[in-house]
Amino acid sequence: MSLLSQRPEKPVVGLPMPHESAHLHVTGTALYTDDLVHRTKDVLHAYPVQVMKAHGRITALRTGPALAVPGVVRVLTAADVPGVNDAGMKHDEPLFPDEVMFHGHAVAWVLGETLEAARLGAAAVEVELDELPSLITLQDAIAADSFHGARPTMVAGDVDAGFADSAHVFTGELRFSDQEHFYLETHAALALVDEAGQVFVQSSTQHPSETQEIVAHVLGLPSHEVTVQCLRMGGGFGGKEMQPHGFAAVAALGARLTGRPVRLRLNRTQDITMSGKRHGFHAAWKIGFDAEGRIQALDATLTADGGWSLDLSEPVVARALCHVDNTYWIPNARVTGRVARTNKVSNTAFRGFGGPQGMLVIEDIMGRCAPLLGLDPTELRERNFYRPGQGQTTPYGQPVTQAERIATVWRKVKDDAGIDGRRREIAAFNAAHPHTKRALALTGIKFGISFNLTAFNQGGALVLVYKDGSVLINHGGTEMGQGLHTKMLQVAATTLGIPLHRVRLAPTRTDKVPNTSATAASSGADLNGAAVRNACEQIRTRLLDVAATRLGVPAGDVRVVDGVARALGGDAELAWDDLVRTAYLQRVQLSAAGFYRTEGLHWDARAFQGSPFKYFSYGAAATEVEVDGFTGAYRIRRVDIVHDVGDSLSPMIDIGQVEGGFVQGAGWLTLEDLRWDTGDGPHRGRLLTQAASTYKLPSFSEMPEEFHVTLLENATEEGAVYGSKAVGEPPLMLAFSVREALREAAAAFGPAGVSVELASPATPEAVYWAIETARTAGATRTDEGAGPGGGRTRARDGIANPAGAGASVRA
């Protein structure tokens with residue numbers, strides 16, 4: 001066992017703990033960025049001047065009328081920027097644009113004594129626009145050849161030879177929707193300037209160091225004159241990885257120019273219309289199987305809707321390509337990715353970061369092709385799993401370690417859920433109920449853990465031990481409700497060998513731990529946990545030398561457990577407080593800066609080959625649904641999940657992450673349907689689903705009636721902090737089982753062996769049209785197949801999904 005993964009005697013990690021701020025959350029005393037306004041004197045409020053057109057060049061911007069509004073202090077425009085007028089890392093996102101690129105684009109910001117004064121001032125600003133043509137849908141952009149950024153291609157084996165050797169070849173398309181983050185706390189920032197002109201920004205951000213960098217370059221300052229702190233976030237899900245930077249920069253610019261604190265908080269409508277979403281995708285694919293149903297070749301093009309600027313679209317597409325194989329070995333593959341440029345908000349990171357989009361493509365292919373091959377979808381999936389000991393690599397060349405866990409979690413789900421017996425019950429139910437059908441589907445996941453950009457795979461920490469024995473830890477990760485801080489407290493207590501209550505955690509800020517990576521890519525606990533452990537080990541090593549002298553034994557024979565230092569094989573002991581006090585009197589350093597870099601990674605982005613991931617996380621889910629044949633309405637009857645988190649740092653936290661990720665994934669795949677006005681009228685490009693009243697989020701009513709989550713046992717991950725694995729993103733993809741169960745339930749309304757195409761999101765309306773297609777399949781089926789067992793099915797795209805997410809398959 002590696003030193004990093006090894007656990008000491010009586011570790012605090014591994015114990016089920018409530019979230020460290022749970023009592024603050026439920027009592028309403030937890031402070032978020034905007035709560036700090038009420039503790040700050042003379043705050044000005046910022047309000048955006050939005051232009052409600054999808055595309056156009058600004059020909060006039062008159063701020064005078066706003067300044068005449070009582071309570072308006074200043075209007076911020078591009079002329080006020082002393083540094084770089086850009087809010088992005090690609091320098092393609094003007095903070096104050098001269099060209100409107102999406103409906104609701106903010107072109108100026110008004111500062112007022114009150115929020116209402118700022119709102120009225122923003123309404124008074126006059127903007128003249130020379131309107132330009134706009135591209136709203138992904139299909140519009142593809143037709144117009146509107147793309148930006150890199151176009152990577154991933155190649156493995158000989159694709160043409162793979163298709164030549166295939167007994168069955170199918171082609172098809174899939175379009176699937178964006179997803180709104182809908183975090184409970186909208187984007188917020190509070191900026192202050194001290195007497196020396198240094199800027200302090202409180203920001204709801206997943207990436208404080210990058211927020212610091214953007215604020216600094218907008219203000220024309222070096223980074224050491226800007227400090228960013230993130231107290232906590234009321235949700236992030238990736239939506240606060242890149243997008244908070246511009247809002248923080250506006251607040252900081254206002255504070256710098258007025259000398260007063262400036263608060264910026266978007267209301268829900270502003271947040272949902274001004275900030276990016278999960279990337280919607282279009283996939284065109286061709287796949288070949290041998291006579292046994294094993295994949296021989298895949299040729300696909302994945303197109304992401306990037307919106308108006310690049311943001312993180314390029315790495316999102318790269319991760320989609322890296323996950324298009326999911327749990328299946330594809331010996332011959334050619335997959336190309338591209339980013340479409342549309343006149344919509346700039347799409348950004350969202351839990352899974354392109355992985356869900358790539359994995360959805362192959363899972364949709366498996367679900368649609370299984371009936372055409374005469375196979376049960378579960379059997380088709382099993383036949384194509386990566387196998388241990390076969391020397392199999394991913395299409396980008398990384399060996400699949402722990403491939404046996406794919407089958408292990410799969411078998412455990414089947415056993416725990418009693419799949420065989422329940423399927424017999426479902427068959428009997430379906431035979432007796434012509435207008436209601438049930439189905440049970442299994443899907444698995446293989447998700448790579450690490451940032452694709454190797455440089456981001458580093459973490460830092462600062463640990464301070466005070467004379468009274470109390471401990472304060474700082475680390476570079478941010479807390480957005482996922483329990484990272486809880487795990488870091490457990491890591492620190494475990495490493496130092498002291499009770500958890502002796503450790504406190506300070507808010508994340510850039511003047512304590514510099515140059516941090518975003519809390520993203522599910523790497524927060526891996527990177528920051530290892531850095532915290534490194535800092536604590538430095539201090540512990542010094543303290544063991546002190547204890548060894550007091551106890552009269554070699555330092556290697558001293559153990560600190562439960563706050564007491566003891567010599568092995570002896571009765572002598574030294575309490576933690578006495579040990580720390582002794583060390584202080586001996587002038588032993590009681591603080592340490594920790595650091596960690598993930599080893600063993602290499603990635604050639606140009607060749608799209610290498611090993612970008614430290615390890616893979618695995619999981620499997622079985623979902624049973626019941627569907628109404630008259631309306632397409634459905635309910636999730638039961639979900640069983642087995643998920644691999646290594647040796648969990650905090651089991652209660654991890655189970656909550658698995659449950660929450662699954663439900664969020666089910667929302668994306670079945671409920672959440674973003675709609676834009678695609679007409680040629682005056683509101684073209686307007687987001688129509690601007691609130692929870694029109695954008696349906698998963699709630700208690702969508703939760704499974706039975707929900708069983710099991711963490712895989714005996715699953716130590718060598719080379720990761722205390723043997724744990726990441727948990728934040730992978731569980732979201734377990735929700736593929738919901739969509740596949742809905743597909744199988746819809747197919748049950750038609751003849752045996754029908755291939756059902758299902759739009760995404762699979763709303764009740766979409767499920768109803770899938771049912772209708774299944775019912776009429778017997779009349780429309782032809783024998784035009786290119787190979788044995790082939791067939792032809794076509795979804796009623798124009799009817800099945802008015803939002804534009806549809807599918808077709810051809811054999």
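No hydrogens, no waters, no symmetry mates; every other heavy atom, side chains included, goes into these values. In this text the structure is predicted, and so the values were computed from the model without any measurement.
- Residues meeting the ring pair (Phe, Tyr, Trp, His ring centres under 6.0 Å) test with His323, sequence neighbours left out: Phe447, Phe613.
- Just one of Leu649, Leu505, Thr519 meets the side chain to side chain contact (heavy atoms under 4.5 Å, CB included) condition when paired with Leu484; it is Thr519.
- Of the residues listed (Arg422, Arg635, Arg438), the one engaging Glu624 in a side-chain hydrogen bond (donor to acceptor under 3.5 Å, both in side chains) is Arg422, and it is the only one.
- Atom OH of Tyr183 sits in a crowded spot, with more than 12 heavy atoms from other residues, nucleotides or ligands closer than 6.0 Å.
- At a cut-off of 3.5 Å, with distance as the only test, a side-chain donor of Tyr615 or Asp526 sits close to an acceptor on the other residue.
- Applying the salt bridge (Lys or Arg N to Asp or Glu O under 4.0 Å) test to every pair with at least one member in residues 315-329, sequence neighbours left out, gives these pairs: Asp325-Lys446.
- Judged as a salt bridge (Lys or Arg N to Asp or Glu O under 4.0 Å), and not counting sequence neighbours, the contacts of Arg423 are Asp376.
- With sequence neighbours excluded, no residue forms a ring pair (Phe, Tyr, Trp, His ring centres under 6.0 Å) with Phe289.
- Here His643 pairs with nothing under the side-chain hydrogen bond (donor to acceptor under 3.5 Å, both in side chains) rule; sequence neighbours left out.
- The salt bridge (Lys or Arg N to Asp or Glu O under 4.0 Å) search around Arg381 returns Glu363, Glu740, not counting sequence neighbours.
- For the salt bridge (Lys or Arg N to Asp or Glu O under 4.0 Å) test, no residue two or more places apart in sequence or in another chain qualifies with Glu672.
- In terms of the salt bridge (Lys or Arg N to Asp or Glu O under 4.0 Å) criterion, residue partners of Glu717 (sequence neighbours excluded) are, by chain and number, Lys725.
- With sequence neighbours left out, Tyr722 forms a side-chain hydrogen bond (donor to acceptor under 3.5 Å, both in side chains) with Thr495.
- No option in Leu302, Leu174, Asp305 other than Leu302 meets the side chain to side chain contact (heavy atoms under 4.5 Å, CB included) test with Phe281.
- When the side-chain hydrogen bond (donor to acceptor under 3.5 Å, both in side chains) test is applied to Tyr768, no partner is found at least two apart in sequence or on another chain.
- Ring geometry, Phe182 versus Tyr695: the interplanar angle falls under 30°, so the pair is classed parallel (tilted spans 30 to 60°).
- Taking the six-membered ring for Trp and thresholds of 30 and 60 degrees, Phe456 and His207 have ring planes more than 60 degrees apart, a perpendicular arrangement.
- Judged as a ring pair (Phe, Tyr, Trp, His ring centres under 6.0 Å), and not counting sequence neighbours, the contacts of Trp410 are Phe385.
- By the ring pair (Phe, Tyr, Trp, His ring centres under 6.0 Å) test, His23 pairs with no residue at all, sequence neighbours left out.
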